[in-house]
Structures are given as C-alpha cells and as structure tokens.
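Chain identifiers are assigned alphabetically (A, B, ...) following the order of the sequence lines, protein sequences preceding nucleic acid strands; residue numbering begins at 1 within each chain. The basis for the numbers below is simple: all heavy atoms, side chains too, and nothing from hydrogens, waters or symmetry mates.
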Amino acid sequence: MKSYRVLRTAFKAIRRNIMRSILTTLGIMIGISAVITMMEIGKGSSSAIQRTISSMGANTLMILPGTASSGGVTFGSGSVMTLTPQDAEAILKEPTVRAAAPVVRARTQVIYRDRNWVPMYIYGTTYDFLEVRDWTDLSDGVVFTEEDVRTGNTVCLVGQTLVRELFRGESPLGKTLRVNNVTFKVIGVLSKKGGNMMGMDQDDILVAPWTAIKFRVSRSTMGSINQSSSSAQDSDVSNGLYPGSRTSLYPVPAENQTTSRPNPVRFTNVDQILVSARSAENVSASISQITELLRQRHRIQAGEPDDFVIRDMTEMTNALTSTSRLMTNLLLGVALISLVVGGVGIMNIMLVSVTERTREIGVRMSVGARGRDILRQFLAEAVVLCLAGGAIGIMIGRGGSYLVRLLLNWPTEISIPAIIAAVVVSVGVGIVFGYYPAWKASRLDPIDALRYE
Amino acid sequence: MHVGRLLTREASVLERRELKLIRVVDVHKTYLLGEIELSVLKGISLQIARAELVALMGSSGSGKTTLMNILGCLDRPTSGQYWLDGEDVSRLSADQRAVIRNRKMGFVFQNFNLLPRTSALENVMMPLSYSHEHVSEREARRRATSMLERVGLGSRLDHEPSQLSGGQQQRVAIARALINNPSLLFADEPTGNLDSVTSREILSMFRQLNREQGLTIVLVTHDPEVARHAQRTIHISDGSIQDGLRPASAQPYLPGLKGPSEVCA
Ligand SMILES: Nc1ncnc2c1ncn2[C@@H]1O[C@H](COP(=O)(O)OP(=O)(O)O)[C@@H](O)[C@H]1O
Ligand SMILES: [Mg+2]
C-alpha cells in the first residue's frame with residue numbers, strides 16, 4: 001500500500017470524527033505547547049544571561065587580593081594589599097591579555113549643586129577599564145587620558161543613572177561635581193548598559209583616574225563610608241606617595257619568611273585588577289599566565305599559596321545558567337509527563353476506534369488488506385493525530401511564550417531544536433502509543449471482524 | 001477418425017480439468033465453543049467451473065456462509081482440500097490468502113458493508129489501495145467512476161452510504177467487488193435486505209456479469225426464488241451437500257426474466 005494512500009486514509013479517518021480527534025490529541029497539544037513555551041522561556045533567559053555577561057565584558061577576569069596567612073593565622077580575602085597598578089601593567093604585557101585595568105573602589109556621596117547621590121560604583125581606574133567592560137563607546141564626551149591617570153587629574157565619566165539623578169537630564173559635560181569634597185569635572189558620559197545579571201544597575205557609576213580616587217578621594221574618605229578602602233589604605237596613603245619601606249600595617253610576616261622572601265616595595269595597592277583575555281579560548285591560558293606572573297612578582301615560593309584570587313565569568317555564568325537550566329528541566333519533566341498522559345489518551349481512543357471500526361477492518365481484509373496494511377493504517381492514524389496535535393501545540397506554545405514576553409516582560413526566544421524535538425516526540429508518542437491498538441487491529445480475523453456487531 | 005476421437009477426448013479432459021475453477025474435497029469445519037466441538041461443515045466436496053453462476057442454497061444455519069468463507073479464502077477448513085485455479089489454497093497463510101482475495105475475488109454481503117461516511121467513489125476505490133499492481137490516484141478514480149457508471153450510479157459518485165437506498169448501496173458494493181477484475185464473485189444473501197423489485201435488478205446484474213464477462217459467481221441464499229437465477233444450485237443442509245453435482249440441465253434456467261440490460265443501461 002502506497003504511503004501517500006496510507007496518509008490519505010488516515011487523514012480521512014481523522015476528519016470523519018473531527019471533534020473526537022481534537023479531544024484525543026488534546027493531551028499532546030497541551031504537552032507540546034508546554035514544552036515549547038518552557039524551552040522558549042529557558043532559551044530567552046539563558047541568552048539574556050549571556051547578553052548580560054557579554055555586556056559586563058566577555059572573557060573578563062577579576063583579580064582580587066587573596067588570603068594572607070601568617071603563622072597559621074588566615075586573614076579573610078582581601079586582607080592583604082597585594083595588588084599594585086604595576087601588576088596591572090605587567091599583566092597587560094602577557095600575550096593572551098587584551099586589556100588590564102587596576103581598580104580602586106570608593107563609596108561616598110557625590111554632590112552636584114543642591115543634589116546628592118551615592119553611586120553604587122565609584123571606580124578609580126584607567127582607560128583599559130572601559131576596554132575590559134566593552135564600554136568604550138561613550139554616549140557623550142571623551143575618556144580621560146593616560147596623562148590624567150599619571151597626574152591624578154580630577155576628571156570623571158558618569159553613568160546614565162547619575163545623569164538622571166544628579167543632572168536631571170541636563171548635559172553633564174563640563175559640569176563639576178564634588179566627590180567627597182573633591183571637585184571633579186565631568187568630561188564624558190557612559191552609554192547605557194542596564195542591569196547586570198544580579199539586577200544591579202550598572203549605569204549607577206562614576207569612573208575616574210585611579211590616582212585621583214586613590215590619592216584625593218579615598219584619602220579624605222571617612223573609614224565608615226569607605227567600605228572597600230580599608231583604613232590600612234588611608235594610613236598607607238598618609239605615608240605619602242613614596243612610603244619607603246614596608247608599613248607596619250602589612251601583615252607582619254614571620255621572621256623566617258622575611259628572610260627567605262624579602263617583601264617587595266609596594267608604592268600603593270589597588271582593590272582589584274580587571275583583565276580581559278583576547279578570546280574566550282584564551283581565558284584559561286590567561287589565568288595560568290597571570291598566576292605565574294603574579295607569583296613571580298609577589299615572590300611567592302613554590303608550594304606556598306597564592307596571595308591573590310583570579311575569578312572568571314564562567315563561574316558566574318555556570319552558577320546562573322545551572323539554576324535556570326534546573327528550572328527548565330523541572331518544567332520539561334512536567335511537560336513530558338503530560339505528553340505521556342496524552343499518549344495514553346491516544347492509545348485509549350485508538351483502542352475504542354479499533355473496536356468501533358471492527359467491521360471496516362473486516363471489509364478491508366475481505367478485499368485483500370493484510371495484517372500489516374491494517375497495522376500501518378492505524379499506526380499512521382495515531383501518528384498523524386499526534387503530529388497534528390504537536391503542530392497545534394507548537395503554535396499554542398509559541399503563542400504562550402509570546403504572551404509571557406508581552407505581559408510578564410520575560411525574555412523568550414524561539415528554539416528551533418525544541419520545535420524539532422516536539423515534532424519528533426509527537427511522532428514518537430504516536431508510534432509508541434498507537435502501536436498496541438494498531439497491532440490489535442491487524443490481528444483480527446477477517447471473519448470475526450465481518451461478523452462483529 | 002479413431003485418433004481424432006482420442007484427441008478430442010484428451011482435449012475435453014484437459015479442458016475440464018482446466019475449467020474447474022474451484023475444487024473442494026471433503027472439507028470439514030469445526031468450531032470450538034469452549035469445550036464443545038461444533039461441526040458446521042461435515043465433508044463437503046464440490047466443483048465449480050469457470051463462468052458458472054452457482055447458487056449455494058440451504059436453510060439458515062446450514063453452513064452456507066461458513067462454506068462461502070472457506071471458498072472465499074476468508075477462512076481455512078479444519079480439514080480437507082481446496083484447489084482454486086489448480087492451486088491448493090487450503091493451507092495458505094493469512095497474508096497469502098489476502099493476496100488471493102485481492103486479485104481473484106470479490107465479495108458482496110447482505111448488509112452491504114460499505115465504509116460509513118465515505119463516498120461511493122472512495123468505497124469503490126478502496127480495494128485498489130491494497131492492490132499489488134501500482135494504480136495511480138487518477139487511474140483509480142477513473143476506474144472506480146467507470147465501474148460505478150456500469151452499475152448505474154454514475155450520478156451518485158459523491159454520495160455517502162447513508163444517502164443511498166439499499167439497492168444503490170448494494171450496487172456500490174458490487175462495483176467495489178469488481179474493481180480489481182476478479183474471476184470469482186461471492187455474494188452472501190445479496191438480496192436479503194432488499195425489496196423484491198430491487199432484488200430482481202441486482203440478480204439480473206449478476207446474470208449479466210456472468211453472461212457477458214464470464215464472471216464466476218457463487219450466490220449464497222436461503223431463498224429458492226433467488227436460487228432460480230443461477231444455472232445450478234448446490235443444496236446444503238446441516239453442513240452436507242444434499243444432491244451433489246447436479247447437472248446444469250436439471251435446473252430450469254430462466255431466460256424469460258427481465259433482462260439485465262434494461263437495468264444496467
Ligand atoms: N465463528 C463461529 N463460532 C461458532 N459457531 C459458528 C461460527 N460461525 C458459524 N457458526 C455456527 O455455524 C453454523 C452455520 O453458520 P452459517 O454458516 O453462518 O450458516 P448460514 O447457512 O445461515 O450462513 C451456525 O449454527 C452457527 O452458529
Ligand atoms: Mg449466512
């Protein structure tokens with residue numbers, strides 16, 4: 001029997017009882033539409049995460065001061081001031097590194113005329129910061145120069161949130177604002193970046209040369225306000241630009257340590273160094289190169305732990321995507337259960353249909369249909385039914401995800417693999433659950449079938 | 001002269017052997033109802049020649065349908081031999097019998113057995129989808145249409161069974177039975193659900209098919225009036241043949257009945 005005839009016969013049989021066919025395949029419809037909606041939501045949020053990550057600067061590494069341990073006492077992370085701007089310069093020379101920016105953080109009030117605001121981020125850094133964060137295209141103005149960094153010029157870039165909160169829409173270019181009583185001139189406005197994956201407003205930021213923040217702002221910042229710059233820094237700074245030998249505020253190394261590992265002279269330290277690898281494949285190479293370099297620069301002996309920590313975005317990405325994947329998988333599980341329920345519905349109705357059409361089966365057999373022809377016919381019917389349900393389910397699911405995007409503002413995205421999977425699954429459900437009824441039909445004896453009342 | 005007579009005898013023997021489309025020898029059919037063995041056919045032997053119109057007559061429950069099912073390869077005898085066209089078909093598998101039914105046989109039932117909610121045309125086309133020869137959709141339609149025209153339903157192609165009278169339904173069933181050009185037609189009480197005028201039309205159609213196309217027809221009936229249309233009647237009673245192979249001349253053929261040409265014009 002030609003396959004197109006089989007399909008045509010199946011279509012006719014389905015059309016003959018259209019209402020029941022629709023009800024039969026309802027389970028499949030619901031299951032498939034749930035799968036499609038779930039997948040589109042899942043894909044949407046995972047690419048939203050991807051976008052946020054790349055907006056934060058893809059291939060970004062964050063180097064933080066590490067744990068200092070001395071005499072068996074471990075201080076917390078960042079307890080040592082191990083990172084210097086010179087480290088950042090050295091890191092930049094590594095072949096896999098595209099950009100490296102030292103970052104000094106401050107948290108204090110910013111005042112413009114009668115308005116004040118405490119930005120989420122006040123970053124003292126270099127031009128490279130914008131490179132790392134993929135933020136080099138300003139919406140207005142210019143970026144501060146290397147010269148500004150060298151001389152500690154009090155110029156700054158402001159994020160969109162600051163523009164809104166402090167300047168209320170006027171152009172901030174050329175305006176002066178006070179950061180902890182230090183006057184800064186706004187020379188550039190950053191473009192809008194939006195919330196990051198933790199929902200923090202990335203535009204709530206002020207960026208200035210690190211030297212200006214370090215030596216002018218942090219110096220006069222009250223310890224209670226300045227959370228990231230510890231009092232150690234203040235004292236460090238109070239020693240002047242060239243504090244000479246090590247300060248007593250460094251954790252005191254053990255006697256033998258001091259002798260075996262002379263501490264380098266550190267002019268000043270930074271809170272973190274942001275690094276951008278040349279490409280995603282370079283990230284792990286960068287990590288090992290930087291680790292080696294910093295260990296060498298910090299004169300850490302083999303076997304001793306690093307005095308710094310390198311974080312990369314993949315950690316964060318993994319954490320975020322794994323939670324969203326877990327959600328998606330759970331919901332997929334529910335959807336699959338509903339598909340199985342739908343399949344059982346198909347089987348049930350197909351069994352009823354076989355019984356109802358016993359006479360038809362008998363007639364078909366009397367004109368020469370073999371068991372396998374009958375099997376194929378009923379199997380085709382179940383598959384066509386499931387496929388039709390699946391197709392409708394795909395459309396409903398797409399509609400559902402559209403509504404989610406429209407009403408809940410949740411990012412959704414069409415998922416071609418999900419649609420292919422939906423088609424395959426509906427055919428599979430049709431075959432699996434249609435096989436038994438079809439087999440039963442094919443095993444009928446023509447005489448019994450003809451005699452059936 | 002002597003040689004010539006011998007040759008003629010040889011030829012007639014050959015011819016006769018060839019002509020026997022159906023040869024059944026000592027066929028038994030026993031049903032098992034729980035533990036009770038119900039013997040329905042008790043040693044049936046018969047022959048039916050090509051192009052014969054034979055009535056299989058007997059009272060209700062005598063085993064006519066059971067015998068027809070075996071002759072029609074719908075069923076297998078419990079024991080005994082059945083040669084169809086010289087081929088032993090009594091031990092064929094279900095699939096092999098299906099192929100034989102498709103190629104060589106057509107069935108007409110008392111209750112028409114058309115597919116419900118399916119047009120006359122589709123009903124007639126249906127056997128072609130199980131045919132081994134490749135028949136294109138267009139060819140199938142063409143054949144089914146001309147077959148329906150031949151049974152006088154050219155204007156009812158798209159009618160569903162529920163929109164047709166009993167006689168018309170039976171004509172659709174006949175068209176369906178003939179679509180694969182069978183050599184053998186089985187009709188089980190084909191007029192059982194029809195009024196007498198319609199019955200006569202249907203029976204005339206059988207006679208015309210038999211006469212004009214040499215179609216072998218086995219007409220199963222309990223009604224002597226129907227059996228009179230046949231050239232020969234095989235009487236069956238309680239699972240046995242009553243009068244065996246009665247010569248065709250013993251049965252008065254009815255040339256005076258209304259000609260089928262009037263019906264199937
Ligand atoms: N599948 C079956 N199982 C049991 N008994 C059967 C079966 N088919 C037919 N019979 C019995 O065989 C007998 C003859 O049936 P059938 O050939 O249909 O008679 P009829 O001559 O009326 O066509 C009946 O008594 C019937 O009950
Ligand atoms: Mg009967």
Which region of [X], side chain (C-beta onward) or backbone (N, CA, C, O), has a non-hydrogen atom less than 4.5 Å from a non-hydrogen atom of chain B, or is it both or neither?
X      : answer
A:R16  : both
A:R451 : side chain
A:R8   : side chain

Minimum heavy-atom separation for [X] to [Y], with atom names?
X      : Y      : result
A:V367 : B:Y130 : CG2-CD1, 4.1 Å
A:I447 : B:L74  : CD1-O, 3.4 Å
A:V363 : B:M126 : CG1-CE, 3.7 Å
A:A369 : B:R101 : O-NH2, 4.3 Å

State whether the number of non-hydrogen atoms from other residues, nucleotides or ligands found under 6.0 Å of [X] atom [atom1] is greater than 12.
X      : atom1 : answer
B:W83  : CH2   : yes
B:R138 : CZ    : no
A:Y402 : OH    : no

Step-by-step side chain to side chain contact (heavy atoms under 4.5 Å, CB included) determination, A:R370 to B:N102: CA-CA 10 Å; A:R370 291 158 302 174; B:N102 185 258; over 6 Å; no
[X] versus chain A, heavy atoms under 4.5 Å apart: side chain, backbone, both or neither?
X      : answer
B:M68  : neither
B:R97  : neither
B:E122 : side chain
B:S93  : neither
B:L115 : side chain

Min side-chain heavy-atom separation A:K12-B:R117 under 4.5 Å: no
Heavy-atom check, side chain of A:L450 versus side chain of B:N69, under 4.5 Å: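 A:L450 does not reach B:N69 side chain to side chain.
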